[in-house]
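Along the sequence shown, residues are numbered consecutively beginning with 1.
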Amino acid sequence: EGVQMMESRNEAQDFVGCDLCQQPVSFFCRRCGVNLYDPCVPIHLRVKSKNGHDIVDYISKDDDDTCHCDSHPQNDCFAYCKTCDAPICTLCVSIKHKSHEMSELSDKIEELLKVIAKENDRLQSSKPELEKNLDHTTKMLSSISLYYKQRKDEVTARGEEWHKQIEKTVRKLHQELDDMQKKHEAVLQKQKKEFEEMVGKVDEINGKTVKLKKSKNVKEMQTFVPVIQKQKILNEFSQYSFPSFHECKIDQNYLQTYFGYVEKMQEKKTSLLEDEFKERELPGRRILEVPTVTSVIDTGFPAKEANKNRLYDMVVTVDNKVWMGGESTELKLFDLQGHLHHTVSITCTGVYICMYNKQVVYSDTLKKAVRMISDTDTVVTMFTTGDWIPLGVTSTASGDLLICLRKDDQSKVVRYSSTGTVLQEIQYDWQCLPLYKKTNYITENVNGDIIVTDWGKKAVIAVDRLGIFRYSYSGKDSEFFACSVVTDSVGHVIVTGGVAGKKISMLDRDGRFLRYIIPEGGIKDPRAVCILGDGEMMVGEMKTGIAKKFKYLEE
């Protein structure tokens with residue numbers, strides 16, 4: 001019974017009635033747009049219409065393959081007016097279009113069908129790609145809840161990790177306070193005993209004094225005088241204050257910035273995956289015992305009077321050329337064979353440079369700004385850094401800029417957008433102690449680690465993409481000095497040692513020392529360094545201004 005009711009309801013919904021008698025429709029008048037029951041057709045045809053009538057079966061009402069004239073709707077078009085670009089009927093030819101250029105309607109139809117066929121072929125050829133994308137999107141949509149659950153689980157895991165760190169810190173502080181309390185109690189107990197003994201002694205002397213006032217025993221008084229004179233009182237005693245708690249506030253903006261950054265990183269998923277694939281390709285490549293020098297470039301930068309330094313920084317372009325900065329107000333572009341291709345004047349010495357959106361960017365340490373060289377060699381200010389001096393600068397996988405900033409004795413790392421919006425600040429560790437002393441060069445590793453050289457601590461310091469401390473490396477010997485730093489596609493950390501170290505150190509991605517890299521003929525006072533790809537790097541000698549290109553990984 002329920003099925004019958006549903007069928008009858010569906011039939012009622014699909015029922016179309018005659019516009020004259022409401023009986024089931026059989027025919028349709030195309031000219032008038034009227035639904036007709038079979039007996040009602042003659043009645044409708046007797047109704048006068050300036051457009052005439054065109055009766056067809058209702059089921060074929062939409063299969064109209066005729067072209068009615070716009071000016072005379074009762075007539076079908078039989079020709080095409082090229083002058084007016086419109087189909088016309090016989091009346092039109094003799095009235096409005098008498099002297100116009102005409103063509104067969106079939107010719108126009110053939111012309112239009114060719115265009116339609118061509119465009120249809122174009123659309124049909126795109127269908128497989130559309131279906132592929134549709135399938136991909138459908139799969140993405142089906143897995144989106146799982147994907148975001150995984151991200152939430154990651155956030156939860158990170159939160160739990162923070163909770164563990166907090167709990168560990170709380171336990172440590174509690175233990176320290178317990179130890180302090182025991183020491184404090186012991187000191188105060190001892191001091192209390194001393195005061196009690198002193199009060200007892202004072203009371204005893206007072207009793208003796210009262211007794212002697214009533215006595216006439218001169219000898220006893222003479223004996224007591226030196227005793228009371230020698231009795232000292234406690235003029236000084238220790239004041240012990242209780243420890244105070246210094247609150248370290250959680251920066252909510254920082255947390256929000258991080259999660260915004262995570263979201264931004266998703267946009268760069270493809271490029272990050274590419275890095276992962278590169279990483280899988282390269283582990284089998286062994287580090288060469290004695291790297292072979294394949295090119296030597298004399299950059300020609302002058303020497304600074306104070307310390308004779310010439311060459312400061314270098315960075316490779318997408319077309320395998322190298323921008324170099326040194327002791328002059330200009331940047332130079334060399335090819336890998338050492339030919340000078342271009343020189344650009346800037347507003348300060350080119351100590352810190354990087355590539356960003358295929359343009360060379362530098363830190364203006366004098367005007368406290370980050371500037372870019374445009375295609376027309378115009379210096380463009382990207383943004384200023386307020387009271388902080390910008391030093392090392394590097395672009396990131398997420399399309400941001402990481403910059404070392406210094407003010408007085410403070411140092412920090414700030415993540416900026418291209419327009420100068422601060423996305424992240426890294427300055428303190430989880431105990432609210434400064435991470436850095438004097439940051440200089442900076443790079444980002446393939447795993448998202450942010451690595452700086454700290455000239456104050458003479459160390460390489462790495463934090464993860466959240467800004468949480470990862471490791472610090474301060475060398476294998478006392479001569480170590482972390483001057484500049486880069487990373488390669490598998491996460492090796494390459495550190496140049498400058499005048500003090502005179503070495504190139506290679507670390508793994510966790511900051512563990514792997515080996516020294518010493519090219520044939522050696523390297524003198526290495527500072528500037530960049531990775532060229534295909535297992536090659538270029539290192540600059542800061543005092544000679546010579547740059548050496550050499551292969552450090554086997555094929």
Short side-chain to backbone donor-acceptor contact, [X] and [Y], under 3.5 Å:
X	Y	result
Glu425	Val414	no
Asp508	Asp510	yes
Asp335	Gln337	yes
Lys457	Leu435	yes
Thr378	Ser374	no
Glu520	Val293	yes
Ser363	Leu391	yes
Asp364	Lys368	no

For [X] versus [Y], what's the shortest heavy-atom pair and its separation?
X	Y	answer
Ser411	Lys438	OG-CA, 3.5 Å
Lys412	Tyr436	CA-CD1, 4.1 Å
Met382	Ser418	CE-O, 3.7 Å

Compute whether any side-chain donor of one residue and acceptor of the other, for Ser484 and Arg527, lie under 3.5 angstrom apart.
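On atom types as modelled, these side chains do not qualify, holding no pair under 3.5 Å.
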
Between Asp313 and Tyr441, is any side-chain donor less than 3.5 angstrom from a side-chain acceptor?
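On atom types as modelled, these side chains do not qualify, holding no pair under 3.5 Å.
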
So if I apply the salt bridge (charged side-chain N to carboxylate O under 4.0 Å, His left out) rule between Asp464 and each of Arg509, Arg470, Arg158, which one comes out positive?
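Considering Arg509, Arg470, Arg158, a salt bridge (charged side-chain N to carboxylate O under 4.0 Å, His left out) with Asp464 is found only for Arg158.
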
Pair Trp323 + Phe334: ring centers closer than 6.0 Å:
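Judged by ring-centre distance (under 6.0 Å), Trp323 and Phe334 do not meet the cut-off.
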
Could you tell me if the ring centre of Tyr416 sits under 6.0 Å from that of Phe383?
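Yes, the ring centres sit under 6.0 Å apart.
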
Given side chains that start at C-beta, do those of [X] and [Y] come closer than 4.5 Å, heavy atoms only?
X	Y	result
Val370	Val361	yes
Met314	Val529	no
Met355	Thr317	yes

Does Glu160 form a salt bridge (charged side-chain N to carboxylate O under 4.0 Å, His left out) with Lys164? I'd like the steps, not just the answer.
CA-CA 6 Å; Glu160 288 171 355; Lys164 287 176 185 176; 5.8 Å; no

Lys503 charged N/C atom sitting above Tyr516 aromatic ring, 6.0 Å / 45°:
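Yes.
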
Name the orientation class of the two ring planes belonging to Phe513 and Tyr473 (parallel below 30°, tilted from 30 to 60°, perpendicular beyond 60°).
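Parallel, since the angle between the ring planes stays under 30°.
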
